[in-house]
Amino acid sequence: MIDPFFSVYVHIPFCKKKCNYCSFYSLTDNSLTDEYLNSVNKEINLYKDLLTEKKDKYKTIYFGGGTPSFLSLNETEYLLDLFNKIKPLKNMDEADFELNPESVSEDKLKILKDFGINRVSIGVQSSNDEILNFLGRVHSYKDFLKKYDIITKYFENVSLDLIYGIPGQSEKDLLKDLDNITSLSPKHISLYALETHKNTFFENLKIDEEKQSDYYFLIRDFLVGKGYIHYEISNFALNGYFSKHNLNYWDRGEYLGLGPSASSFISNKRWKNKSDLKAYIRGLNNGKIEFEHMEELDEKDELNEKLMLELRKMEGLDLNSEVYNVFKEKIEEQIKKGYMEILNGKVKIKKDFLFVSNKIISDTMF
Ligand SMILES: C[S@@+](CC[C@H](N)C(=O)[O-])C[C@H]1O[C@@H](n2cnc3c(N)ncnc32)[C@H](O)[C@@H]1O
Ligand code: SF4
């Protein structure tokens with residue numbers, strides 16, 4: 001557990017093409033990028049006092065999407081400059097920027113580097129072109145490799161995103177992905193089991209969860225064998241390269257999310273901006289932000305949330321913590337059922353049940 005700090009998330013709601021599985025908010029129409037950027041500027045101004053108040057505790061920023069690298073060179077400079085004025089990105093413990101292979105150029109990387117971006121996350125998803133095509137990605141593995149070479153000239157702290165458990169993906173395909181990816185020695189790897197979401201092309205796709213669970217263990221053993229530390233359900237990193245920004249989410253640190261669809265958590269309130277770029281622009285033209293939802297957490301929500309976040313991290317839940325005491329009886333039931341165990345003063349979900357951790361955690365909550 002780190003000391004929670006304050007962080008900023010910026011949602012860039014544009015993509016070249018919508019991937020078949022993706023439910024994140026983004027548009028493929030770039031006619032509103034200028035208005036979007038002006039609105040981000042206005043939203044920052046609305047939060048000026050808050051950002052000034054949090055300045056000393058503000059340690060990480062994450063530009064995510066959508067596809068942040070979709071923006072042109074001028075747009076990227078404009079966006080980074082807005083945040084640089086609040087606190088120089090060079091002074092951040094971590095300043096992250098998501099890249100998609102199709103929209104990376106050397107000039108863009110130079111801009112990111114000059115502003116102080118110090119970690120990049122690339123969506124490769126697979127090293128198999130047939131699978132990439134099935135997922136609806138616009139890049140081939142070769143395209144990715146070409147860009148990876150350039151990216152690593154500028155950034156050493158690189159994270160790669162992969163998806164597994166895709167219909168038609170064999171164990172051999174998965175091992176090939178793992179072999180290909182680890183041969184590049186990225187500092188961090190996020191691996192997500194394919195999920196199907198409403199209103200996506202894959203809405204009715206059948207997923208084999210048993211296969212996904214088997215693959216999860218293969219992945220874990222493979223990556224741990226290559227020296228990666230499994231530090232969160234879906235995240236692996238070399239020593240010293242855990243994602244600080246994401247750890248702050250999992251440690252319930254406060255964060256302000258800017259842009260349509262961005263979420264925030266401040267003073268025990270959670271809210272989400274509307275997932276609608278036009279509503280976002282219209283609202284800010286009228287000096288306000290339109291929200292999708294807003295809630296103030298009560299004591300029960302807070303405890304449930306703490307339990308969930310602590311158990312998602314491999315470190316586990318401290319036996320001396322308030323949360324452990326509150327949930328002690330329910331945790332003991334899970335230990336009796338064989339789903340959890342106590343190791344070195346911490347309670348953890350047993351490795352064999354990590355793939356179904358969501359279910360175990362929700363059964364333990366109030
Ligand atoms: C917010 S997305 C955006 C990242 C970036 N635009 C890209 O395409 O790589 C972050 C990651 O979530 C994962 N992801 C998104 N939708 C998913 C789904 N339905 N199932 C599994 N993983 C998913 C992908 O690995 C993706 O890289
Ligand atoms: S996965 Fe990334 S590129 Fe694909 S639609 Fe989602 S945000 Fe856009």
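Every number for a ligand or one of its atoms is a count from 1 in the order of the listing.
- Aromatic rings from Phe327 and Phe366 are positioned such that their centres are separated by under 6.0 Å.
- Taking a 4.0 Å cut-off on heavy atoms, Gly66 registers as neighbouring ligand 1.
- Neither the backbone nor the side chain of Lys16 comes within 4.0 Å of ligand 2, counting heavy atoms alone.
- Remark: distances from the non-hydrogen atoms of Ser190 to ligand 1 are all 4.0 Å or more.
- When the heavy-atom distances from atom 2 (Fe) of ligand 2 to Arg137, Glu102, Gln125, Glu98 are ranked, the shortest goes to Arg137.
- Every N/O-N/O distance between Glu98 and ligand 1 stays at or above 3.5 Å.
- Between Phe355 and Phe217, the distance from one ring center to the other does not fall under 6.0 angstrom.
- Closest to atom 8 (O) of ligand 1, if we only count protein heavy atoms, is Arg137 NH1, 2.8 Å.
- Some N or O of Asn100 is nearer than 3.5 Å to an N or O of ligand 1, by distance alone.
- Within the listing of ligand 1, atoms 9 (O) sit less than 4.0 angstrom from a heavy atom of Gly123.
- Nearest protein heavy-atom neighbour of atom 1 (S) of ligand 2: Tyr21 OH, 3.3 Å.
- Near Thr67, meaning under 4.0 Å from any of its heavy atoms, are these atoms of ligand 1: 6 (N).
- Contact annotation for Cys19 and ligand 2: heavy atoms of both the backbone and the side chain come within less than 4.0 Å of the ligand.
- Set against the non-hydrogen atoms of Gly65, the atoms of ligand 1 under 4.0 Å away are 1 (C), 3 (C).
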